[in-house]
Amino acid sequence: MYATLNEQMDVYRAGAIELLPEDELARKIENSIKKQKPLNIKLGADPSRPDLHLGHAVVLHKLRQFQDFGHNAILIIGDFTGMIGDPSGKSKTRPQLTIDETIANGRTYLEQATIILDKSKMIVKNNSEWLSKLNFSDVIHLAAKYTVAQLLERDDFSKRHKANLPISMHEFLYPLAQAYDSYAINSDVELGGSDQKFNLLVGREIQKAYGSEPQCILTMPLLEGTDGVEKMSKSLDNYIALNDTPRDMFGKAMSVPDNMITRYLQYAAMATIDEINAVQTGLADGSIHPRNAKVDMAKKIVTLYYGFEAGENALLEFERIFKNKDLPDKIDLLEIYIENSTIGIIDLLVAANLSPSKKEARRLIEQGGVSIDSQKVSDVFSVIDIYEKKLIKIGKRNFLYVQKKSE
RNA sequence: GGGCAGGUGCCAGAGCGGUCAAAUGGAUCAGACUGUAAAUCUGACGGGUCAUGCCCUACGGAGGUUCAAAUCCUUCUCUGCCCA
């Protein structure tokens, strides 16, 4: 049922930032092989941000590796903690969620996570299952197991503390609650981003304090977003979503800076070490053109999620649109209801939702970013007849057919 | 409880009675160029308008002073620091 200890360790170590403590993990694995008993691999899911992107995928792929060796993935939906609000590492406290939102978000999360994970070896738990049962004295007992100084070691706490930014009491409780999860589900290994290292380690301490065997922790790097600098996140809008269309996935991957190519190969495209090394040396000695390396990387990512054919198509389409300035092979048609069949260009852009305001629409036209049927529109007072469908292009990559709605 | 410092546009951060729809940087969008939705350069960047001048909304909330307030006063509220 299980691969050997060394086979497993090699795979787990690959790409990880930290794996602590390694010998302990080795022991756990040995044991599991001997007893033919899978380990519990914990991953905390944040229900406040249900839309997953390639940054989340880094950890999910790691978890999948554990599954592939027969271990149990245990996803903890932080429905309880989500309702408290989590310290985000940013200066602002996260919004609190309602129960309904949490449930809906949890469902979305799972839907997207199973793009990567193996459903058959997955257990999903809501942490309200045990956390909501703790009473105040339980909480105080839990809180007594950790000190303020220990909590202040956490990077974002100490940063905020030094920068005179607010830290609420409940934020201090958050790592403890998460640690309690580890105890509650009997976690053997917990995975997380490198920013979670602190929380994961608290899990160890709390498990010990409650008399169970402590978990090992494995942290993965935080993948930079398409800007190549900040970590990938929805709020910075530098993300590639797991459910982005192949076209968008490809395009966004192409927009990462050149120096991110190998990093994306490793953590987003899940390329093998050999592939990564080949590209790295090729780029260094100039035998591989960065553009080609990037195209290749983008294609691999699309292939990983949509299959070989989609990868090919995304590449072809990208070349068509940006190299040959041609049209994509599929353009949406929007039918607009108007009295006559003519409409001013500015109103048209707003009606078609291509511009949030008339001022913005006017700007786009004045700057030469708008064309109708491949004819640049330069007059903001142009009147367009949409009895026949017309192709609107805005900027480099927004295409839309519009037509008067026939009733 | 007391003292002090603050709350400005998507974010960071200037401004401290009119010349402020508010410097600067980032983000974003458009254009040029190209190896791409890279880089670089240029421009735009609250909304409305029978159109460029005017109108509306905006500098934590509410009042007030003034011909005029993001800027001064009062009060409320939120945040941080120090003292207790």
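For the numbers below, each heavy atom of this structure counts, side chains included, while hydrogens, waters and symmetry mates do not. Letters A, B, ... are given to chains in the order of the sequence lines, protein chains preceding strands, and every chain is numbered from 1.
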Looking only at heavy atoms, the pair that brings A/Val58 and A/Pro221 closest together is CG1-O, 4.0 Å
When the C1' atoms of B/G2 and B/U57 are compared, how many Å lie between them, rounded to an integer? 40 Å
Quote, to the nearest angstrom, the C1' distance that separates B/A23 from B/G15. 8 Å
Which part of the nucleic acid, if any, lies within reach of A/Phe250 when heavy atoms closer than 4.0 Å are counted: base, sugar-phosphate only, or nothing? nothing
A/Gly368 near the nucleic acid: base, sugar-phosphate alone, or nothing, with a heavy-atom cut-off under 4.0 Å? sugar-phosphate
Hey, does the side chain of A/Arg397 come within less than 4.0 Å of B/A30's phosphate (OP1/OP2), counting only N and O? no
Just how far, in rounded Å, is C1' of B/A30 from CG of A/Leu349? 13 Å
A/Asp248 (side chain) and B/A37 (base): donor-acceptor pair under 3.5 Å: yes
Tell me what A/Lys393 touches on the nucleic acid: a base, only sugar-phosphate, or nothing, going by heavy atoms under 4.0 Å. nothing
In whole angstrom, give the distance that lies between atom OH of A/Tyr264 and atom P of B/A37. 17 Å
Indicate whether OP1 or OP2 belonging to B/G47 is found under 4.0 Å from a side-chain N or O atom of A/Arg363. yes
For residues A/Thr272 and A/Glu275, is any side-chain donor paired with an opposing acceptor at under 3.5 Å? yes
Taking atom types as modelled and ignoring hydrogens, do the side chains of A/Asp285 and A/Ser287 form a donor-acceptor contact shorter than 3.5 angstrom? yes
Between the base of B/G35 and the side chain of A/Asp258, is one N or O donor paired with an acceptor at under 3.5 angstrom? yes
I need the CG-C1' distance between A/Asn238 and B/C29, as an integer number of Å. 17 Å
What stems involve RNA chain B, if each pair must be Watson-Crick or G-U and both of its distances must be under 3.5 Å, with 3 or more such pairs in a row? B:1-7 with B:77-83, B:10-12 with B:24-26, B:28-32 with B:40-44, B:46-49 with B:53-56, B:60-64 with B:72-76
What's the gap between B/A62 and B/U8 when it is taken at their P atoms, as a whole Å value? 16 Å
Using whole Å, report how far CZ of A/Phe322 lies from P of B/A38. 9 Å
Main-chain N/O of A/Gln215 paired with A/Arg204 side-chain donor or acceptor, under 3.5 Å: yes
Salt bridge or not for A/Arg291 and A/Asp258, using N-O below 4.0 Å? no
By nearest nucleotide on RNA chain B, pick out whichever of A/Asp237 and A/His289 is the more 5' one. A/Asp237
Length of the NZ-C1' vector between A/Lys234 and B/C10, whole Å: 16 Å
P gap between B/U79 and B/U74, integer Å: 22 Å
What string of B, S and - do you get for nucleotides 48-57 of chain B 5' to 3' if you count protein non-hydrogen atoms under 4.0 Å? BB-B------
Aromatic ring proximity, centroids under 6.0 angstrom, A/Phe69 and A/Tyr12: yes
State plainly whether the residues A/Glu22 and A/Arg13 are in salt-bridge range, i.e. N to O under 4.0 Å. yes
Please give the distance between the P atoms of B/A27 and B/C11 as a whole number of Å. 16 Å
With a 4.0 Å cut-off, would you call A/Glu360 and A/Arg363 a salt bridge? yes
In whole Å, I'd like the distance from the CD atom of A/Gln367 to the P atom of B/U28. 16 Å
Taking the six-membered ring for Trp and the full ring for Phe, Tyr or His, determine whether the centres of A/Phe172 and A/Tyr146 are under 6.0 Å apart. no
Take the protein atom NZ of A/Lys299 and the nucleotide atom P of B/A37, then report the distance between them rounded to whole Å. 19 Å
Report the distance from atom CG of A/Asp227 to atom P of B/A39, rounded to the nearest whole Å. 10 Å
Spacing of the P atoms in B/G1 and B/G25 (rounded, Å): 45 Å
With rounding to the closest Å, how many angstrom separate the P atoms on B/A22 and B/G53? 15 Å
Can you tell whether the side chains of A/Glu335 and A/Lys405 come within less than 4.0 Å, N to carboxylate O? no
Whichever of A/Arg247 and A/Ile394 has the more 5' nearest nucleotide on RNA chain B, that residue is A/Ile394
Can any side-chain N or O of A/Glu317 pair as donor or acceptor with the backbone N or O of A/Asp329 at less than 3.5 Å? yes
Between B/G9 and B/G46, how far apart are the two C1' atoms, rounded to whole Å? 8 Å
